[in-house]
Amino acid sequence: MESPPDQAAAAAAARQDKEQRDYRLIAKAVDEAYRAVECDGGGYPFGAVVVHGGGDDEVVSSSHNSVRKDADPSAHAEVTAIRQACKKLGKTSLAGCEIYTSCEPCPMCLGLIRLAKIKKVVYGAKSEVAAAAGLNGVLPEVFREYYQKSGVEMRQAEGEAATRIAEEVFEKTKGKFRNK
């Protein structure tokens, strides 16, 4: 049996591992968000990464918002990452996968995440940060409540570093993307 100091040390190590994993995967989503603005002619700064669950961090797909580039209002980062993952794996169920997003998913993306049977969503920035930068609004509380009851684990990334880099996307790209 572990003594209390050993338990505390183990809990601290587990928390640090979780923060490092979240940071690493949110950083990949944030890289995609920058790519949306830089490579897609003023696209919207959102990115997403689908990984196999269980902590092995194998990236199945990563993508960014391509709404403007594709003239497709459904081409959100989460949607395009899920489409790519389904195609790569040859199936419509992504059970056993997790999705890491640069920003809290919108209601459309949350619906698709549930349909794809993804059980865990980790996001960097809250939707309020995107709204403050002039992008679509805040996630309504009714959707947060719905997803708490849906069986989908949805949480903000652990640690200040992951949140900070996700929020910086909006600060650093403001004025570079065109909100039309």
Side-chain angles (χ1 to χ4, degrees), residues 15-38 40 42-51 53 57 59 61-68 73-82 94 97-116 118-180:
R15 189 171 42 257
Q16 184 177 16
D17 288 347
K18 189 176 188 179
E19 283 183 23
Q20 289 174 345
R21 181 174 191 257
D22 282 3
Y23 180 85
R24 191 171 52 255
L25 293 169
I26 290 295
K28 288 177 189 272
V30 166
D31 287 345
E32 287 287 348
Y34 282 114
R35 193 169 289 121
V37 176
E38 295 164 4
D40 285 351
Y44 304 123
F46 298 97
V49 178
V50 175
V51 298
D57 296 348
V59 174
S61 68
S62 63
S63 191
H64 55 269
N65 183 294
S66 61
V67 167
R68 292 187 51 77
S74 71
H76 291 200
E78 298 88 342
V79 172
T80 56
I82 289 169
L94 297 178
C97 289
E98 302 169 353
I99 190 164
Y100 282 73
T101 65
S102 61
C103 187
E104 192 172 20
C106 75
M108 176 186 70
C109 292
L110 289 171
L112 180 59
I113 287 165
R114 186 163 186 256
L115 287 172
I118 294 173
K119 292 291 184 187
K120 182 177 180 182
V121 178
V122 180
Y123 58 90
K126 298 280 263 171
S127 62
E128 291 85 353
V129 176
L135 294 158
N136 285 340
V138 175
L139 184 66
E141 197 60 37
V142 68
F143 285 101
R144 288 188 177 124
E145 292 170 11
Y146 170 73
Y147 273 87
Q148 288 174 351
K149 297 174 185 176
S150 72
V152 175
E153 177 189 346
M154 191 163 91
R155 65 172 176 81
Q156 191 165 22
E158 296 287 333
E160 292 178 25
T163 302
R164 185 181 65 252
I165 64 169
E167 291 175 352
E168 284 176 353
V169 170
F170 299 104
E171 293 169 26
K172 290 181 177 181
T173 63
K174 194 170 186 174
K176 293 182 180 180
F177 59 85
R178 296 183 303 258
N179 196 10
K180 293 182 182 179

### Query
So, K172 and E168, do they make that salt bridge, N to O below 4.0 Å?
yes

### Message
Whether the side chain of S61 engages the backbone of A81 through a donor-acceptor N/O pair (distance < 3.5 Å, no angle test) should be reported.
### Response
yes

### Message
Test of understanding: with side-chain contact (heavy atoms from CB on, under 4.5 Å), list the residues that count as partners of T173, not counting sequence neighbours.
### Response
Y34, V37, P45, V169, F177

### Task
List the steps, then state whether side-chain contact (heavy atoms from CB on, under 4.5 Å) holds for I118 with V152.
CA-CA 7 Å; I118 294 173; V152 175; 6.0 Å; no

### Query
Has the side chain of E104 got a donor or acceptor atom that lies under 3.5 Å from a matching backbone atom of K126?
no

### Query
Cut-off 3.5 Å, side chains only: do R21 and Y100 have a donor facing an acceptor?
yes

### Message
V122 vs T101, test: side-chain contact (heavy atoms from CB on, under 4.5 Å). Steps then yes/no.
### Response
CA-CA 6 Å; V122 180; T101 65; over 6 Å; no

### Task
Please identify each residue that fulfils side-chain contact (heavy atoms from CB on, under 4.5 Å) with L112, with sequence neighbours left out.
V79, I82

### Summary
Sequence neighbours excluded, the answer for side chain to side chain donor-acceptor pair (under 3.5 Å) partners of S62 is E32

### Query
Excluding sequence neighbours, so at least two apart, what forms side-chain contact (heavy atoms from CB on, under 4.5 Å) with E158?
K18, E19, D22, R155

#### Entry: Nearest-0.5 Å distance that lies between atom CG in L135 and atom SG in C103
8.5 Å

### Task
Could you tell me which residues satisfy side chain to side chain donor-acceptor pair (under 3.5 Å) with R15, sequence neighbours excluded, listed by chain and number?
none

### Query
Any side-chain heavy atom of Q156 sitting closer than 4.5 Å to one from T163?
yes

### Message
Between S102 (side chain only) and F46 (backbone N and O only), is there a donor and an acceptor less than 3.5 Å apart?
### Response
no

### Query
Any sub-3.5 Å donor-acceptor pair from E78's side-chain atoms to C109's backbone N or O?
no

### Task
Please lay out, stage by stage, how K119 and E98 fare under the test side-chain contact (heavy atoms from CB on, under 4.5 Å).
CA-CA 6 Å; K119 292 291 184 187; E98 302 169 353; over 6 Å; no

#### Entry: Distance, nearest 0.5 Å, that separates CD1 of I99 from CG of L25
11.5 Å

### Message
Per the side-chain hydrogen bond (donor to acceptor under 3.5 Å, both in side chains) rule, what does the pair list look like for residues 105-115, sequence neighbours excluded?
### Response
R114-Y146

### Message
Any non-hydrogen side-chain atom of K28 less than 4.5 Å from a side-chain atom of V59?
### Response
yes

